[in-house]
Amino acid sequence: MSEPMLKVRGLTKRYGEREALKALDLELRGGEFTALLGPNGAGKSTLFQVLTGLFAADEGEVEVAGHSLRHDAAGALRHIGVVFQQMALDLDLSIQRNLLFQADLQGLPRRVALERIASGCARLGVEADLNRKVRELSGGNRRKVELVRASLHHPQVLLMDEATVGLDPKSRHDLLAALNTDVRERGVAVLWATHLVEEAEQADRVVVLHQGRLVADGTPAEVTAALGQPTLEAGFIARTTRGPGGPAPARPGAVTGAT
Ligand code: ADP
Ligand code: MG
């Protein structure tokens with residue numbers, strides 16, 4: 001099995017007294033689409049904020065493609081692309097301007113940037129709108145532009161935080177299809193945060209986050225079995241409407257604190 005693209009060890013993040021992440025361990029391999037399934041408040045967005053260097057963890061280590069986030073942040077972040085839960089495009093700039101701004105931040109030569117913007121937008125079907133203001137776009141197309149932006153530097157790890165909330169089924173399908181192509185053809189590791197069980201059911205792997213801890217990890221079928229209910233949805237509801245379990249599971253398919 002290939003080396004993990006992302007390694008998280010013992011990650012703890014506190015907001016004052018509240019522990020949002022509790023000694024979290026997680027590894028992501030290239031070529032795998034992993035759903036991070038957790039109810040509201042589980043710690044999904046906090047994990048993304050720590051993985052992208054927005055917040056420092058109180059304890060623990062993150063490595064991306066062999067680069068320590070603590071000791072070589074630039075090296076680590078070069079391999080990460082992210083779409084945050086809150087849309088972060090400038091509404092009054094065109095798609096092209098928003099994307100060029102990001103490409104400049106990444107230090108991409110202008111010619112490379114223009115090529116990647118054109119091909120990325122074509123792939124997601126927003127190329128006809130390149131010169132329109134983001135304000136004029138549908139929610140689905142805004143999310144597509146955000147995925148193009150997150151991918152401009154060809155990261156090996158893509159983090160998507162509740163990216164399909166509020167989208168129509170076609171936009172949701174297009175986003176997932178584009179990401180699955182990245183996973184299969186470019187060997188990207190995708191971490192897809194969601195509270196929607198039906199999205200997690202389509203992933204290669206599901207990790208269930210509850211109150212800052214991973215409580216199950218494996219294929220959808222393994223996690224369903226480990227949670228001890230007939231469906232993933234029933235298991236997820238049962239497991240995340242009671243208190244925290246012990247430490248994270250040591251093997252795929254394991255579940256913590258289940259009786
Ligand atoms: P999720 O994305 O899974 O809904 P979050 O990471 O947003 O979860 O939140 C995890 C926990 O941390 C929640 O209890 C939330 O209220 C708390 N929290 C999140 N952000 C902050 C913050 N900036 N300050 C204080 N508490 C926070
Ligand atoms: Mg969130």
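Values in this document were obtained by computation on a predicted structure and should not be read as measured data. Counting starts at 1 for both ligands and their atoms, in listed order.
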Taking Asp182 for the side chain and Val188 for the main chain, is one N or O donor matched with an acceptor at less than 3.5 Å?
no
Metal proximity, Asn40 vs the Mg ion (ligand 2), N/O/S cut-off 2.8 Å
no
Which of the numbered atoms in ligand 1 are below 4.0 angstrom from a heavy atom of Pro39?
3 (O)
Hey, is the main chain of Leu152 close enough, under 3.5 Å, to the side chain of Arg116 for a donor-acceptor pair?
yes
Are Leu28 and Arg205 side-chain neighbours, meaning at least one heavy-atom pair lies under 4.5 Å?
yes
Any idea which protein heavy atom is nearest atom 12 (O) of ligand 1, and the distance to it?
Tyr15 CE1, 3.4 Å
Looking at Ser138 and Asn141, would you say the former's side chain and the latter's main chain have a donor-acceptor pair under 3.5 Å?
yes
Distance-only, no hydrogens or angles: does the Lys22 side chain make a donor-acceptor pair with backbone N or O of Gln211 under 3.5 Å?
yes
Near Asn40 (heavy-atom distance under 4.0 Å), the atoms of ligand 1 are 4 (O)
Report yes or no: does Gly41 have a heavy atom closer than 4.0 Å to ligand 1?
yes
Looking at atom 6 (O) of ligand 1, what's its closest protein heavy atom, distance included?
Thr46 OG1, 2.6 Å
Counting backbone and side-chain atoms alike, is an N, O or S atom of Thr46 positioned under 2.8 Å from the Mg ion (ligand 2)?
no
For atom 14 (O) of ligand 1, closest protein heavy-atom neighbour:
Arg18 NH1, 3.1 Å
Which of the numbered atoms in ligand 1 are under 4.0 angstrom from any heavy atom belonging to Ala42?
1 (P), 3 (O), 8 (O)
If you scan protein heavy atoms around atom 7 (O) of ligand 1, the nearest is Ser45 CB, 3.8 Å
Correct closest heavy-atom pair for Leu77 and Leu51 would be CD2-O, 3.9 Å
Check for me whether Lys13 meets the cation-pi criterion with Tyr15, that is, NZ or CZ under 6.0 Å from the six-membered ring centre and within 45 degrees of the ring axis.
yes
His67 and His79 aromatic ring geometry - parallel, tilted or perpendicular at 30°/60° bounds
parallel
Starting from atom 8 (O) of ligand 1, what is the nearest protein heavy atom, named by residue and atom, and what distance separates them?
Gly43 N, 3.1 Å
